[in-house]
Engineer: 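Once you've had a glance at the structure underneath, I'll fire off some questions.
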Amino acid sequence: MYITRKWLNKFIDLVGIENEQITIALNSLGFEVDSFKDYSKLNDKLKIAHVGNVSPIENTHLNFCFIDKGEELVSPIVCGASNVKEGQYIILAEPGKTISTGMKLEKKEIKGKISEGMICSLEEIGINVKVLSDKEKEQIYSIKSKKDLYSLIGSETALEEIGFLDAVWEIDLTLNRSDALAALQLVKEIANYFNKDISDLTKNYKHKQNELSLPVSIKCEKSIEKYVKTIASQIVLKKKILSIEQIKNEIYSNHDIWLKFNNVKTTHNFWLDLANVIAIETGQPIIFLDPKKLTAQLEIRNNKTETHQTNLQLMCENEIISTLGVDFNLDFLPTAKSEEIMIIYLSLDPIFMRKQQKEFNISSIDLQRYMKPISSRLYNLAENRVLYWLDQYNIYESNSKMEIFKEIDEKQTLIEVELEYINKLIGIELTTKEIIKLFKTLDFKVTEKNGKLHFEVDQYRRDINHSADIVEEISRIYGYDNIKSVPPVIVSNYKNKNLNLNLQYQIENFLVGLGFNNIKSYSLISNELMERWNLFNITYSIKLMSPLSKLREVYRLSLASSIIETASLNYSRGNRNLKLYEFADIYNLKNLRERHLAVLISGDILKQKSYNLDIKASYQYLKGICDEILNHYNIKDNDIKFETYENVNSDMHPFINAKIVIKNTLIGYIFKLNPRFEQSQKLDSTFILELNITKLQENMNSFIRAEEISKFQKTARDVSFILDNNQKYDEIIKSITNNVSFITNIQLIDIYQDDELKKTNSKSISVSFEFNNVLNQLTTQDVQIEWEKLLDNFKKLKIEVR
């Protein structure tokens, strides 16, 4: 969702309110600001100018133009745009002016012609190229206005005239606030935050009602009736106009830029663009039709095809008017000759429309609203905005009554709450008067009866249904910053507990939950096996004086050989997909006794034919299990190192292995078996983890402190960088986050390697960094400062950021 300052200023007096304050307000109210851009600072002041003579330059696509910029002499300019023509009013950047691209204009000679400046396109002044059509990318921008533009020639107001000097916020909406897909809902929130009145011409707009009636009715086929919540329609009598171009004045130009600020490609069709404007403002998708073009009753059908099982369409007999949210048949739109305009308002089931979105793999303004849980009564709000804008375009004559063909029973939400209950949950003492004042512009009617507060909820808010929701809403509006944090009083009774044993039980439950089987094996093995698998280099082994067999002559010094033996035995008996673990003691003459854990995976980790799942054992899977076990012991990532183990025995893979070190103490190994050894044991790819639990317990962080969860909005920034295959991800992350504050979470998003990266023995890593603070709301500037530190650390390490 996007919102712009100029649009807000139509409803709220923003004098004295800085852009940064609005960002803070949105974040504080629960609307996370993903990005902010001030377009007024992208360019120098650019002039309005008039195109005079245009002459093609021979053997080129260029034109030589004479431009009137309000001076005695015209200025020559060479222009390569395909649409430049005489009589246009254009945006002129003169020599000495700097535009959004950073280019400073100079007088130049091009193809033997002197060019004094540049006629600007939208991309050149800073509009995102993603919202430009192919034509707009190649064309200059022609200014349209109902003002006398000739009198403005030479004035440095070009960007102001087209509504470009604006600031834009991109807002991430949570699902419960889908109502804010109507920008007018955000107006209420911001006005309430700054204690401002809302000046809304739409609310008090006086309709001129006529006796017109709809020429056709609208129905939906029975199979999809439950997916259509509301069908409403009305007729507007249109004033006579010469052409659609006649109404494309200053308002249309501003709408064109405003839609682009809202990340919407304009269609350059007046009716489709106006429909998008209404949908963004009110949250209600609308359809404009010429009723004289309708030959039969309209019907909403799900016209299934081989490629689309969900294909909701508005039909007129066998003609498709619209695939809802996807496309529109332009033949049914009003024209300059149309005498009437039919307007259709639909509310559809969001789950059904999410299927439609997936079927067509498209995201449109309408679909974004059809597939979210918003009010089915938004046509009341949309009607006012439609008639208001038609009047602004000097099209509106009068309108018929709204006719409702289908409507679900969406009652006003009424909630009764005791004041004591509110204050108890929030933890502060608010009076009834203070609570009523909190909802000044939010369309909540709050009254007090018999010591209880009665709330009539804003009819467009579908997320508030019971007393707890009201308490949450009061907390949000009051401001979490203003609620003093009070630590809870916890009374505890002393009781001896064996923490280490509890941790072992937790780890066992974790492994069993993943489908691992617990095994018990002999502590006695052969001397040859003991020496080969003495991974921890223990020199004080315990040998039996009179062993019964050479297979059982010495106490083992690791669990690896025993768990491999168990796996081989299971494999020989047909059990090929193995997930095994064992907690057992290791005995020696020096340390006497140490607790170890061995984990083995082999073959298929998960295989379900019904879902076509076949996940093989892998080093990465076992490494994930290792990380989770270490987390149980509250060991910080910075204290853990996975180092290549060079003294491998012949049964271990020479390259796929690592020793695990914590604070310079060896606590375990993770490795793959040598493929030749696997074949000799008749095993598939097999991976083993062994941890010295006793050493792990000695190095664990036993002081567990509950960390406060931030009540403020988090901000995430993503970065992709090139990493040599020999570089270690953990070490790089530690280095680049050095001296960077407020990072609360680091998430590895993706690892990518194409043919070019393979050639350089490198890969692309994508990582997301989350910034937050428990003390206050981070501003965009706060996050940007820390982000720049992180990027500087990349430069110091000479790591390429993509």
Side-chain angles (χ1 to χ4, degrees), residues 1-2 34-35 127-137 168 170-175 178-183 220-221 223-224 227-231 255-256 258-289 298-316 319-333 343-374 376 378 382:
M1 184 65 189
Y2 296 81
D34 277 353
S35 66
I127 291 290
N128 189 338
V129 68
K130 291 181 181 179
V131 298
L132 298 179
S133 65
D134 291 338
K135 284 186 177 180
E136 286 175 325
K137 293 173 187 177
V168 182
E170 181 186 1
I171 303 164
D172 184 18
L173 298 178
T174 53
L175 189 62
S178 295
D179 66 290
L181 283 167
C220 55
E221 63 181 10
S223 63
I224 58 165
Y227 302 123
V228 180
K229 298 195 290 183
T230 299
I231 305 174
H255 272 170
D256 179 40
W258 184 75
L259 283 171
K260 288 176 169 62
F261 285 161
N262 279 272
N263 202 35
V264 179
K265 279 188 178 183
T266 46
T267 64
H268 301 291
N269 180 290
F270 172 78
W271 301 104
L272 296 182
D273 288 343
L274 183 57
N276 280 336
V277 170
I278 304 300
I280 292 169
E281 288 188 327
T282 68
Q284 173 65 65
I286 64 170
I287 296 171
F288 287 115
L289 298 174
L298 300 182
E299 184 176 13
I300 300 172
R301 303 177 199 159
N302 185 24
N303 293 322
K304 297 181 181 180
T305 65
E306 290 184 4
T307 55
H308 299 112
Q309 289 300 300
T310 304
N311 185 26
L312 208 61
Q313 295 180 320
L314 178 64
M315 307 287 294
C316 181
E319 287 192 271
I320 300 171
I321 296 176
S322 173
T323 301
L324 297 176
V326 179
D327 58 28
F328 195 90
N329 187 341
L330 302 182
D331 293 338
F332 287 92
L333 287 174
I343 305 156
I344 298 175
Y345 309 87
L346 298 175
S347 177
L348 307 170
D349 179 75
I351 296 175
F352 188 83
M353 292 310 290
R354 275 198 287 274
K355 293 179 182 177
Q356 178 117 330
Q357 190 271 334
K358 289 180 180 178
E359 290 275 0
F360 288 91
N361 192 26
I362 190 172
S363 179
S364 66
I365 290 296
D366 287 355
L367 264 180
Q368 289 166 14
R369 285 149 182 82
Y370 281 140
M371 58 191 245
K372 293 293 173 64
I374 56 181
S376 63
L378 284 171

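Bear in mind that the values here come from a model prediction, so they are computed numbers and not experimental data. Throughout, residue positions are numbered sequentially from 1 according to the sequence presented.
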Engineer: Is K137 close to V129 at the side-chain level, that is, under 4.5 Å between some pair of heavy atoms?
Structural biologist: yes

Engineer: Quick one: do D256 and T266 satisfy side chain to side chain donor-acceptor pair (under 3.5 Å)? Show the steps, please.
Structural biologist: CA-CA 6 Å; D256 179 40; T266 46; 2.9 Å; yes

Engineer: Quick one, Q368 and S363 - any side-chain contact, counting heavy atoms below 4.5 Å?
Structural biologist: yes

Engineer: Applying side-chain contact (heavy atoms from CB on, under 4.5 Å), run through Q357 and M371 and close with a yes or a no.
Structural biologist: CA-CA 8 Å; Q357 190 271 334; M371 58 191 245; 3.7 Å; yes

Engineer: Where is the tightest heavy-atom contact between A182 and M1, given as atom of each residue plus distance?
Structural biologist: C-CE, 4.3 Å

Engineer: Are the side chains of I224 and L312 in contact, using a 4.5 Å heavy-atom criterion?
Structural biologist: yes

Engineer: So, N262 side chain and W258 main chain: donor-acceptor pair closer than 3.5 Å or not?
Structural biologist: yes

Engineer: For a quick test of reading the model, state the closest non-hydrogen atom pair linking P285 to A279 and the distance between them.
Structural biologist: CA-CB, 4.2 Å

Engineer: Using 0.5 Å steps for rounding, measure from the CG atom of L330 to the CG atom of D327.
Structural biologist: 9.5 Å

Engineer: For the pair H268 and S133, evaluate side-chain contact (heavy atoms from CB on, under 4.5 Å) and give the outcome as yes or no after the intermediate values.
Structural biologist: CA-CA 10 Å; H268 301 291; S133 65; 4.1 Å; yes

Engineer: So F328 and T323, side-chain contact (heavy atoms from CB on, under 4.5 Å) or not? Walk me through it.
Structural biologist: CA-CA 6 Å; F328 195 90; T323 301; over 6 Å; no

Engineer: Between R369 (side chain only) and L181 (backbone N and O only), is there a donor and an acceptor less than 3.5 Å apart?
Structural biologist: yes

Engineer: Just verifying a value: how many Å separate R301 CZ and L314 CG, rounded to the nearest 0.5 Å?
Structural biologist: 9.5 Å

Engineer: Can you name the closest pair of heavy atoms from D366 and G325 and give their distance?
Structural biologist: CB-CA, 4.0 Å

Engineer: Count the heavy atoms of every other residue, nucleotide or ligand shown that sit under 6.0 Å from CD1 of I351, and state whether that count exceeds 12.
Structural biologist: no

Engineer: Does L346 reach the side chain of I287, with side-chain heavy atoms less than 4.5 Å apart?
Structural biologist: yes

Engineer: Identify the heavy atoms of F288 and W271 that sit nearest to each other, and give their distance.
Structural biologist: CD1-O, 3.4 Å

Engineer: Do I344 and I286 have side chains that get closer than 4.5 Å, going by heavy atoms?
Structural biologist: no

Engineer: Could you tell me whether K355 atom NZ has more than 12 heavy atoms of other residues or ligands within 6.0 Å of it?
Structural biologist: no

Engineer: Should K260 and E136 count as an ion pair when the cut-off is N to O under 4.0 Å?
Structural biologist: yes

Engineer: What are the two closest heavy atoms between I321 and L298, and how far apart are they?
Structural biologist: CD1-CD2, 3.5 Å

Engineer: Between the side chain of D273 and the main-chain N/O of T267, is any donor-acceptor distance below 3.5 Å?
Structural biologist: yes

Engineer: Which value, rounded to the nearest 0.5 Å, describes the distance between L289 atom CG and C316 atom SG?
Structural biologist: 9.0 Å

Engineer: Rounded to the nearest 0.5 Å, what separation is found between the OH atom of Y370 and the CD atom of Q284?
Structural biologist: 7.0 Å

Engineer: Taking the side chain as C-beta and beyond, is there a heavy-atom pair between L348 and F352 under 4.5 Å?
Structural biologist: no

Engineer: Can you name the one residue among I280, L259, V168, D34 that meets side chain to side chain contact (heavy atoms under 4.5 Å, CB included) with Y2?
Structural biologist: V168

Engineer: Check whether any side-chain heavy atom of E299 sits under 4.5 Å from a side-chain heavy atom of C220, and report yes or no.
Structural biologist: no

Engineer: Nearest 0.5 angstrom please: S35 OG to E170 CD, how far?
Structural biologist: 4.0 Å

Engineer: Output the distance between atom CE (M315) and atom CD (E221), rounded to the nearest 0.5 Å.
Structural biologist: 10.0 Å

Engineer: Would you find more than 12 non-hydrogen atoms of other residues, nucleotides or ligands less than 6.0 Å from K304 atom NZ?
Structural biologist: no

Engineer: Donor-acceptor pair, distance only, cut-off 3.5 Å: does the side chain of T230 make one with the backbone of S376?
Structural biologist: yes

Engineer: Let's go through I231 and Y345 carefully: what are the C-alpha distance in whole Å and the side-chain angles of both, what is the deciding distance for side-chain contact (heavy atoms from CB on, under 4.5 Å) to 0.1 Å, and is it a yes or a no?
Structural biologist: CA-CA 6 Å; I231 305 174; Y345 309 87; over 6 Å; no

Engineer: I'd like to check V264 versus V131 (side-chain heavy atoms, cut-off strictly below 4.5 Å). Are they in contact?
Structural biologist: no

Engineer: So which atom in L367 and which in Q356 form the shortest heavy-atom distance, rounded to 0.1 Å?
Structural biologist: CD2-CG, 4.4 Å

